There are 2 protein chains.
Amino acid sequence: MADTNTRTTFGYRPLYIQVKDSLIRRLIDGAWQPGQLIPSEMELARAMGVSQGTIRKALDVMTAENLLVRRQGRGTYVAEPAESRILFQYFRIVPDSDEASFPDSSILRWSREKANGAERESLALPKGAAVWRIARIRNLGGVPAIAETISLSAARFTGFEALVSIPNNLYRLYSENWRITIARAREKLKAVAASKSDAGALGCAEGTPLLRVVRVAFDLEGNPVELRVSRCLTDQAHYLSELK
Amino acid sequence: MADTNTRTTFGYRPLYIQVKDSLIRRLIDGAWQPGQLIPSEMELARAMGVSQGTIRKALDVMTAENLLVRRQGRGTYVAEPAESRILFQYFRIVPDSDEASFPDSSILRWSREKANGAERESLALPKGAAVWRIARIRNLGGVPAIAETISLSAARFTGFEALVSIPNNLYRLYSENWRITIARAREKLKAVAASKSDAGALGCAEGTPLLRVVRVAFDLEGNPVELRVSRCLTDQAHYLSELK
DNA sequence: CAGTGGTCTAGACCACGCC
DNA sequence: GCGTGGTCTAGACCACTGG
């Protein structure tokens, strides 16, 4: 590892970035599983032939990217798609009054379909590709609040038809069944009028203003994995965004 | 600085945090102005009696919080509320097609008013306090797209009435005229139906779904400074949110 | 070429969790 | 008490900027 760097201006990559890439490789390959305790800084430093400080910098960057969790006195763990973390990181709809609570969800239907234009573009699928399409309703405080349509590449999620049920926490499902880690996501929000079917599902009048959230979620390698379109009732809740 | 720490479990603060607090104090007091080049790491280390590495860590944290800008070979500068940075950090409405462009804006009216309940709560104002209330329209690609109402504490923004005009970039105005730096903001989004006055201002039908963004912006000390309510037409644009 | 931030190293000590 | 991550130091060298 010590001499992978040519030291020319072109293509110079700091050592700690190379270390980071190498460690991310282990996550992608599944050598390190979510929740697992990874070797200590000293061990990694010895094994990779760099100083402890360089290892530390790589681990710090990965921690900032929510890939690892470090606990003083215990060690460094691979981040898990656990409820609490997902809630904080990926679920931005919160009731106006209280703090956030994880919404339950009921599946309306799911089926294998030919990908439409939006799905092909968002998920980088070839023409004629198939997707799994899931429709569900999420409740906030017991009241239907979000209608969601989730699309997944059928080629990537092989064996999806064998599922007996679809859990509430999909990112854990992706992780455990397909070893896919969601690393980041991009959301685009618009205000739209409720369609007839959305109105029926959410128990509101047709034409009610809904917050439409289109999310594309990416894996560790930067490939799009999931397209999720949510239509949200926002009379008692809002989408929270922190700008820092 | 070396011995401000009691080394007891209670109230332990790392040195670099103390350094950071001390440097932030200079920003709050205005000793260091936006755009200014601050002393080099070595100078600061000597002046404060700590190692260069400790200074570096404090500066890195402040850079991550967008308070400083570091440029290799040149030095470390106090961050400016410049168009380009504001655009990236605080303006999340982008056209569906292109990349982001800074919107122009036209002031509809501004006046001093008695603060309403929402303003008192958001800005932590006492009962009976006064605010400056600004109404403006922002255009995206030449078309009216956003109707905004901005509220500022009259007690904090003294002399506001003396302004001959209100510029497009308000955060630069706050910085230059009142030495207030906006450090972070929280936005809450809902979908609402266009009111009669919004419809008139935006040239859409009454009842059109609008994206309503309520922003509270905070200064370096964490005090709320600005309440901004935006109603956005989202037929040709969207609100972009990155989840990492 | 001098000065700045960026990287890398080596070693010491501290706070924390667990046994 | 031991091992972990977290802090702090000191010093070397590298990459970038500007004169």
Side-chain angles (χ1 to χ4, degrees), chain A residues 1-23 32 35-80, chain B residues 1-23 32 35-80:
Chain A
M1 173 68 69
D3 254 332
T4 353
N5 215 327
T6 56
R7 250 69 185 180
T8 56
T9 298
F10 179 78
Y12 164 70
R13 302 207 95 200
L15 235 194
Y16 75 92
I17 297 286
Q18 299 176 45
V19 169
K20 179 193 152 194
D21 289 344
S22 157
L23 299 185
W32 287 349
Q36 183 182 331
L37 178 67
I38 72 171
S40 73
E41 296 179 351
M42 289 304 287
E43 285 179 79
L44 288 172
R46 242 186 306 107
M48 305 186 73
V50 302
S51 81
Q52 187 193 4
T54 300
I55 295 288
R56 171 179 295 274
K57 185 142 189 180
L59 296 179
D60 283 346
V61 171
M62 293 174 71
T63 300
E65 291 172 353
N66 295 302
L67 299 178
L68 300 176
V69 176
R70 315 193 73 189
R71 274 182 281 213
Q72 185 174 158
R74 312 233 322 245
T76 303
Y77 299 79
V78 181
E80 278 183 287
Chain B
M1 171 70 64
D3 253 332
T4 354
N5 216 326
T6 57
R7 250 66 187 183
T8 57
T9 298
F10 180 78
Y12 165 69
R13 301 208 94 200
L15 235 194
Y16 75 92
I17 297 288
Q18 299 176 44
V19 169
K20 179 193 153 195
D21 289 345
S22 156
L23 299 185
W32 287 348
Q36 183 181 332
L37 177 67
I38 72 171
S40 73
E41 296 179 351
M42 289 304 286
E43 285 180 79
L44 287 172
R46 244 186 306 106
M48 304 185 73
V50 301
S51 82
Q52 187 194 5
T54 300
I55 295 289
R56 169 179 297 275
K57 184 142 189 180
L59 296 180
D60 283 346
V61 172
M62 292 173 72
T63 301
E65 291 172 352
N66 295 302
L67 299 178
L68 300 176
V69 176
R70 315 194 73 188
R71 275 182 278 213
Q72 184 173 159
R74 296 221 263 157
T76 303
Y77 298 80
V78 181
E80 277 184 287

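None of the values given here were measured: they were computed from a predicted structure. Just so it is clear: chains get the letters A, B, ... in the order the sequence lines come, proteins before strands, and each one is counted from 1.
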Would you say [N] has OP1 or OP2 under 4.0 Å from some side-chain N or O of [X]?
{"X": "K57(B)", "N": "dT7(D)", "result": "yes"}
{"X": "T54(B)", "N": "dT7(D)", "result": "no"}
{"X": "T76(B)", "N": "dT4(C)", "result": "no"}
{"X": "S40(A)", "N": "dT4(D)", "result": "yes"}
{"X": "R56(B)", "N": "dG6(C)", "result": "yes"}
{"X": "R74(B)", "N": "dG5(C)", "result": "no"}
{"X": "R71(B)", "N": "dC16(D)", "result": "no"}

Distance check needed: [N] [atom2] versus [X] [atom1], whole Å only.
{"X": "L44(A)", "N": "dT4(D)", "atom1": "CG", "atom2": "P", "value": "11 Å"}
{"X": "Q52(B)", "N": "dA12(D)", "atom1": "CD", "atom2": "P", "value": "12 Å"}
{"X": "L37(A)", "N": "dG17(C)", "atom1": "CG", "atom2": "C1'", "value": "13 Å"}
{"X": "R13(A)", "N": "dC8(C)", "atom1": "CZ", "atom2": "P", "value": "12 Å"}

Side chain of Y12(A): nearest nucleotide among dT9(C), dA15(D), dC8(D)?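 Closest of the options to the side chain of Y12(A): dA15(D).
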
So if I take every side-chain heavy atom of Q72(B) and compare against dC16(D), dC8(C), dT9(D), which nucleotide ends up nearest?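 So the nucleotide nearest the side chain must be dC16(D).
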
Take M48(A) and L23(A) through the side-chain contact (heavy atoms from CB on, under 4.5 Å) test and state the conclusion after the steps. CA-CA 10 Å; M48(A) 305 186 73; L23(A) 299 185; 4.1 Å; yes

If you assign each of S51(A) and E43(B) to its closest nucleotide in DNA chain C, which residue comes earlier from the 5' end?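 Whichever sits nearer the 5' end wins; that is E43(B).
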
Nearest nucleotide by nearest heavy atom, which residue falls closer to the 5' end of DNA chain C, G73(A) or Y16(A)?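 Of the two residues, Y16(A) wins.
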
Look only at the side chain of S22(B) and the backbone of Q18(B), and say whether a donor-acceptor pair between them is shorter than 3.5 Å.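 Flag not set: sc S22(B) to bb Q18(B) has no pair under 3.5 Å.
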
Main chain of I55(A), side chain of E41(A): is a donor-acceptor contact present, judged purely on distance under 3.5 Å?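 Absent.
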
Dump the intermediate steps for side-chain contact (heavy atoms from CB on, under 4.5 Å) on R71(B) and L37(B), then the final yes or no. CA-CA 10 Å; R71(B) 275 182 278 213; L37(B) 177 67; over 6 Å; no

At their closest point, which heavy atom of P39(A) faces which heavy atom of W32(A), and how far apart are they?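 Looks like CD-CZ2, 3.7 Å.
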
